[in-house]
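Here is the structure we will look at.
Keep in mind that the numbers below use all heavy atoms, side chains included, and drop hydrogens, waters and symmetry copies. Letters go in sequence order (proteins before strands), and every chain restarts at 1.
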2 protein chains.
Amino acid sequence: MSRKRITIYDLAKALNISASYVSRALNNDPFINEKVKEQVKAKAEELNYQQNANAFNLRKGITRTIGVVVPKINEIFFANAIAGIEEACSKNNYNLIICQSAESLKKEIKAVETLIQQNVDCIIISVTMETDSSEHLRRVIENKMHLIQFDRVRNDVDSFKVENDNLQAAYIAVQHLIQQGYKKIAHIGGPGFLKVFNDRKQGYMKAMQEAGLKIPSTYMTEGDLTKTTGHSAATALLSKSNHPDAFFCSSDNIAFGVLQAAAAMKIKVPQELGVMGFQNEPFDELLIPSLSSIEQNSKELGKHAADIYFNILASAKTPSVPSTEVIQCALEERDSTRKNVVSATAESAVSM
Amino acid sequence: MSRKRITIYDLAKALNISASYVSRALNNDPFINEKVKEQVKAKAEELNYQQNANAFNLRKGITRTIGVVVPKINEIFFANAIAGIEEACSKNNYNLIICQSAESLKKEIKAVETLIQQNVDCIIISVTMETDSSEHLRRVIENKMHLIQFDRVRNDVDSFKVENDNLQAAYIAVQHLIQQGYKKIAHIGGPGFLKVFNDRKQGYMKAMQEAGLKIPSTYMTEGDLTKTTGHSAATALLSKSNHPDAFFCSSDNIAFGVLQAAAAMKIKVPQELGVMGFQNEPFDELLIPSLSSIEQNSKELGKHAADIYFNILASAKTPSVPSTEVIQCALEERDSTRKNVVSATAESAVSM
DNA sequence: TTGTATGCGTTATCAA
DNA sequence: TTGATAACGCATACAA
């Protein structure tokens, strides 16, 4: 059962033509006899010929490898994004090197250096929260490699970018709350120095403004994305006289905290309080009331990022100008914002 | 800034020795001048020499690539396992090809075929729920490739295997419930035709038996791993006269369903009912009461699986005999099983 | 249209 | 100890 892979020489011998001609036939060289081409392809199929990637790459001086740098691979948002990248890569016969920065700028720089040394053809990256410099990203471009940023991007680097339309997503989310009849909507956001969270805030404000709704200064808070943040922010706001009748949160964990605070204060969701999260975590639909949220389509996001590279590759002639592409989010309407439809399940809200 | 990578020829020229000698020096050939070796290594460092993987692999006739086949990459258990595999690979300078079978045997077979064709050095796989044949796995071995199964394994294939000790984990879980003072413990399990779930059932039975506790026939049910399964099973059992005072569930989703059923029936957890899950999902600690569960250490599991291959590689001489390695699970004790310690948070149980 | 020869960067074989 | 050279499988410049 010893395994000897078929090469173009084997094909050549079997067909009584030269190896180089086989190579050309396989690569659809235009100056080639159509009939021979078909014969070659048929034979290749028959003998189960598989191109030797190492020889090909060595010859071409490329690696057919994409490097990915993300904060954490086992966070659902990034896991999905990687699933998308992976899909595009395997379709194009590309390899993947995955690096985790663990939210550390130092590790991120090291990962990028490694990938440069490994001579990957392209680097797809989502920077850490503490990335406040772009030196290492610029080095990628200086090395004639393709750089594609996604989700958390730095704008002081002239690269392709793929982002969610966070502003629009927030806008739609808040609009939904307004349509449901909520009027005093508060926002609990993420760290403001990150663009994604700032955009969500902007979307929130835009929707409120357009609807002619006031935003008391206390209605906009900021914090990390934890349940604790949501719990304490909601508890504080809900105990005031002019308390909100809905919360738009920048993460599902925050929203979860809000739900708990509401339950503790015997405030009924969604009847007396609407709660909207962000991220569409798997646990959203497990909660009662189930949590309305924003699906970020992160798999699409990853797939799209990788496809940008493959498109560049396909149209190698036209020197592509870095653009920013946008992946739309989608509203996942669930019970926590259904003010109008008081469902049976929602009645048993204060359970679990 | 054009990038020309340093080769061993550059090193040779810089040091006035031959390229082949450089190669040997870099590879720690024993018949080599120690001083020269050091010089070469120093120069390599200085010039930032990086071995060309394609040339190396082409010459060696290997790919330095491991193929991974899992049902779903964006399921936390597998995402973690892949994170572990990835870690081991990048440490050993190996590439990774990730394939998803999407729980379809047909896709799994196709993925394996692809990986065989790609000539990967090793395949690490966790089979789908519907994999009832091992032909394709045997083909891997026939092709002189290394096969390593993890988590869901098929025993009719003579390969290395890495598994959780599901029996022991279940045993510990149930023992914990017993220690807490629960006596009438029921088990809601997963599909019995899968070994992992059968093992958990065995562990449950062993613990009960050792403690001299009876298991009424109604106390053992089976189903898929969803919340619905848990909800309906618990509702049915809890409304009977001889109802259980604890549930050991084969998944956290099942346990979640049990918690909800209990809340709906105004049964207090953990005071009147203990609930133990399995999988240690991220949402466990978000619940109130937080859900006790079993951590499967899936990242370790993946890392270990990959390391098996690298160990084989290191000790190439001794033809390694396939073994089965075991990764222990860990009990994550939380509020849902703290019968003795009625904490303040647990008091507000029926919230969320 | 087709074939021959060369080189991509390594390692391994042979010779010195 | 060292060096020259072939070979891994492929794509391509050059010849025919």
Side-chain angles (χ1 to χ4, degrees), chain A residues 2-41 43-44 47-65 93 117-121 313 316, chain B residues 2-41 43-44 47-65 93-95 117-121 313 316:
Chain A
S2 171
R3 177 179 186 71
K4 183 81 187 108
R5 285 178 86 191
I6 302 288
T7 71
I8 51 173
Y9 285 95
D10 300 320
L11 259 37
K13 206 178 296 172
L15 293 164
N16 252 319
I17 54 177
S18 77
S20 60
Y21 205 63
V22 172
S23 171
R24 283 193 278 255
L26 258 19
N27 288 299
N28 288 316
D29 187 301
F31 304 113
I32 228 166
N33 188 315
E34 273 299 326
K35 252 169 99 180
V36 181
K37 190 198 285 186
E38 276 169 33
Q39 280 175 20
V40 172
K41 291 198 170 178
K43 203 68 180 177
L47 267 44
N48 211 345
Y49 166 79
Q50 203 71 11
Q51 185 191 58
N52 182 312
N54 286 129
F56 176 91
N57 295 344
L58 175 59
R59 182 60 233 261
K60 288 277 204 178
I62 62 176
T63 55
R64 274 205 295 202
T65 299
N93 236 293
Q117 289 309 325
Q118 294 247 348
N119 206 25
V120 297
D121 300 340
L313 222 56
Chain B
S2 173
R3 178 179 188 69
K4 183 81 187 108
R5 286 178 85 192
I6 301 286
T7 72
I8 50 173
Y9 282 95
D10 300 319
L11 259 36
K13 205 178 297 171
L15 294 164
N16 252 320
I17 55 178
S18 77
S20 57
Y21 204 62
V22 172
S23 171
R24 281 194 281 253
L26 257 19
N27 289 298
N28 289 317
D29 187 300
F31 303 111
I32 228 165
N33 188 316
E34 273 299 327
K35 252 169 95 178
V36 181
K37 191 198 285 187
E38 275 169 35
Q39 280 174 21
V40 172
K41 290 198 171 178
K43 203 69 180 174
L47 266 45
N48 210 345
Y49 165 78
Q50 201 73 13
Q51 185 190 58
N52 182 313
N54 285 130
F56 176 91
N57 296 344
L58 174 59
R59 185 59 235 255
K60 289 278 202 177
I62 62 176
T63 55
R64 272 205 296 202
T65 299
N93 235 294
Y94 256 66
N95 277 120
Q117 289 310 324
Q118 294 246 348
N119 208 27
V120 296
D121 300 340
L313 220 57

Secondary-structure notation, DNA chain C, from Watson-Crick and G-U pairs under 3.5 angstrom (| other strand): ||||||||||||||||
Whole-Å gap separating P (D:dG9) and CG (A:L11): 13 Å
Nearest heavy atoms of A:A25 and A:K41, plus distance in Å: O-CE, 3.8 Å
Closest non-hydrogen atom pair between B:F56 and B:Q51, with its separation: CD1-NE2, 3.0 Å
Separation of atom CG in B:D10 from atom P in C:dG9, rounded to whole Å: 9 Å
Integer-rounded Å distance: D:dA16 C1' and A:I17 CD1: 17 Å
Whole angstrom value for the distance that separates P of D:dC10 from NZ of A:K13: 13 Å
A:K60 vs D:dT12: side-chain N/O to OP1/OP2 distance below 4.0 Å: yes
Nearest listed nucleotide, side chain of B:N52, among C:dC8, C:dT10, D:dT12: C:dT10
Exercise: identify the closest heavy-atom pair between B:F31 and B:D29: N-OD1, 2.8 Å
Separation of atom CD1 in A:I8 from atom C1' in D:dC8, rounded to whole Å: 12 Å
Atom pair distance, as rounded to whole Å: CD1 in A:I62 and C1' in C:dC8: 12 Å
Exercise: identify the closest heavy-atom pair between A:A53 and B:N54: O-ND2, 4.5 Å
Interatomic distance, B:Q51 CD vs C:dT10 C1' [rounded to whole Å]: 7 Å
Side-chain touch B:T65/B:Q118, heavy atoms, less than 4.5 angstrom: no
Toward the 5' end of DNA chain C, by each residue's nearest nucleotide, A:N16 or B:N54: A:N16
Protein-nucleotide distance (B:L58, atom CG; C:dT10, atom P), rounded to Å: 12 Å
Proximity to the side chain of B:S20 - top-ranked nucleotide from C:dG9, D:dT5, D:dC10: D:dT5
Nearest-nucleotide pick for A:S18, side chain only, options being C:dG3, C:dC8, C:dT10: C:dG3
Evaluation steps, side-chain contact (heavy atoms from CB on, under 4.5 Å), between A:V22 and A:Y9: CA-CA 8 Å; A:V22 172; A:Y9 285 95; over 6 Å; no
Nearest non-hydrogen partners of B:K43 and B:L11, listed with the distance: O-CD1, 4.4 Å
Close residues, residues 22-30 of chain B, relative to DNA chain C [heavy-atom separation under 4.0 Å]: B:S23, B:R24, B:N27
Position toward the 5' end of DNA chain D (nearest nucleotide), B:F31 or A:I6: B:F31
Closest-nucleotide ordering on DNA chain D, the 5'-leading residue of A:Q50 and B:Y9: B:Y9
Sugar-phosphate only, base, or nothing, as touched by B:F56 at under 4.0 Å among non-hydrogen atoms: sugar-phosphate
side-chain contact (heavy atoms from CB on, under 4.5 Å) involving A:N27 - partner list, sequence neighbours excluded: A:S23
Donor-acceptor side-chain pairing of A:N57 and A:T63 below 3.5 angstrom: no
Ionic contact status for B:K35 with B:E38, cut-off 4.0 Å: no
